[in-house]
Amino acid sequence: MITEGLKGRHFLRLQDFSKLEIESMLELGLQLKADNTMRRLHDDLLPRRTLFMMFFNPSLRTRNSFEAGIFQLGGHAHFLEPSATRLPTLEGEDLGYASERISDVSRVLSRMGDALSIRILGDVVDWEYDKAFRIIQEFANNSKVPVINMEDNIYHPCQGMADAMALWELFGKDLKGRKIGVSWTWGSSPKKPIAPHHDFMYVASLFGADVVFARPPEMRIDPEIEAQVKSNAEVNGGSFQVVENMEDACENADVVYAKNYVCLDLLPPVTSEPQKDEMMKLFDNYKGWIADEKRMNLAKPTAQYMHCLPCERGAEVSDAVLDGPWGEACYNEAENRLHAQKGVMAAIIP
Ligand code: CP
């Protein structure tokens, strides 16, 4: 199996893996999911391995799926409470005894455990766009064991794996000819991450879907990721189109993925500090952007709604969509965090 060659690799972003490698981790995850349903145990895959988990931001799905997942593989997750550790810092940011250099934290933890995982984004890094990923890379550069990215400002690769698994379960591995409508929606907070949109479109295009992405003109995604999505679509037999109204994304879609995210142009490095009031004023120009029954009725009769969760009901999506027949894939997507990450952990943790 190709996953044998992945032992010891860091899992920082999907872009670091070939399509074949991503497929093989997903296939392993799906096998583990099927076996889990049959109560077939796999606690011999990572016996007594320790995963250190550092969360600088809150989490329901990520924390619990990793904790349950490593336990089911025979290991143990160790949750590091940020307020109970010294602040891990990059060179030049030391705070005396209140902080500890990331290079030291990583070297120490990687001598005690078998993998490290980190979530850091948003306010914790003052919304400095690439800083959170640089921090995760610094952990990886100083670690003897695999480092897993549990979300930064740019990437949420574990979410992308679960999204891909949910899409495979709906349509099979080949998404050619499937229209995946993706959209920005209104939201009541200027703090919702953009990384899930990036990685959702990355995997949908990787498996050949026709991605139609709706957003107000000011709500661009990272141009580098957009170029990767375009390139994925070209190479894998799909297409990528950007439109400026939700209806075009929803019309005849097999899946509608719609959620709110921040405006990159109102955050560093474009501005000196986060312009949160400006962002809310901008959002309010597009208050009608919601995944509701009217828009879902434009999609195919079998269409499903997807969102990485947590969602803001009544703002990003209506209750009728989430609680009706359209919403099932959303909860499969959440459940698949467990199975997809088990595939990743079993593949990379020695
Ligand atoms: N989707 C996701 O990452 O959820 P949590 O923030 O609850 O971990």
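Note that ligands are numbered from 1 as they come in the structure, with each ligand's atoms numbered from 1 the same way.
With ligand atoms numbered from 1 in the order given, ligand 1 contributes 5 (P), 7 (O), 8 (O) to contacts under 4.0 Å with heavy atoms of Leu60. The ligand atoms of ligand 1 that sit less than 4.0 angstrom from a heavy atom of Arg337 are 1 (N), 2 (C), 3 (O). Set against the non-hydrogen atoms of Thr62, the atoms of ligand 1 under 4.0 Å away are 2 (C), 3 (O), 5 (P), 8 (O).
Of all protein heavy atoms, the one lying nearest to atom 1 (N) of ligand 1 is Leu309 O, 2.8 Å. Protein heavy atom in closest approach to atom 4 (O) of ligand 1: Arg61 NE, 2.9 Å.
Using a 4.0 Å cut-off between a side-chain N of Lys or Arg and a carboxylate O of Asp or Glu, Glu21 and Arg9 qualify as a salt bridge. Salt bridge present: Arg63 and Glu67 bring a charged side-chain N and a carboxylate O closer than 4.0 Å.
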Would Gln15 and Gln228 satisfy side chain to side chain donor-acceptor pair (under 3.5 Å), going step by step from the backbone distance to the final call?
-> CA-CA 9 Å; Gln15 287 81 346; Gln228 291 163 356; 2.7 Å; yes
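Taking the six-membered ring where tryptophan is involved, the planes of Trp168 and Phe207 are perpendicular, since the angle between them exceeds 60° and thus also 30°. Taking the six-membered ring where the residue is Trp, Tyr305 and His307 present tilted rings, their angle falling between 30° and 60°.
Close N/O approach between Cys308 and ligand 1 is found [any backbone or side-chain N/O within under 3.5 Å]. Annotation: His156 places an N or O atom under 3.5 Å from an N or O atom of ligand 1; distance criterion only.
Residue Asn57 does not touch ligand 1, judged by heavy-atom distances below 4.0 Å.
Every pair passing salt bridge (Lys or Arg N to Asp or Glu O under 4.0 Å) that includes a residue from residues 309-321 is listed here, sequence neighbours excluded: Lys192-Glu312, Arg313-Asp319, Arg313-Asp323. Evaluation of the salt bridge (Lys or Arg N to Asp or Glu O under 4.0 Å) test over residues 261-275, restricted to residues two or more places apart or in two chains, returns Arg220-Asp265.
Proximity of Arg119 to ligand 1 is established by a heavy-atom distance of less than 4.0 Å.
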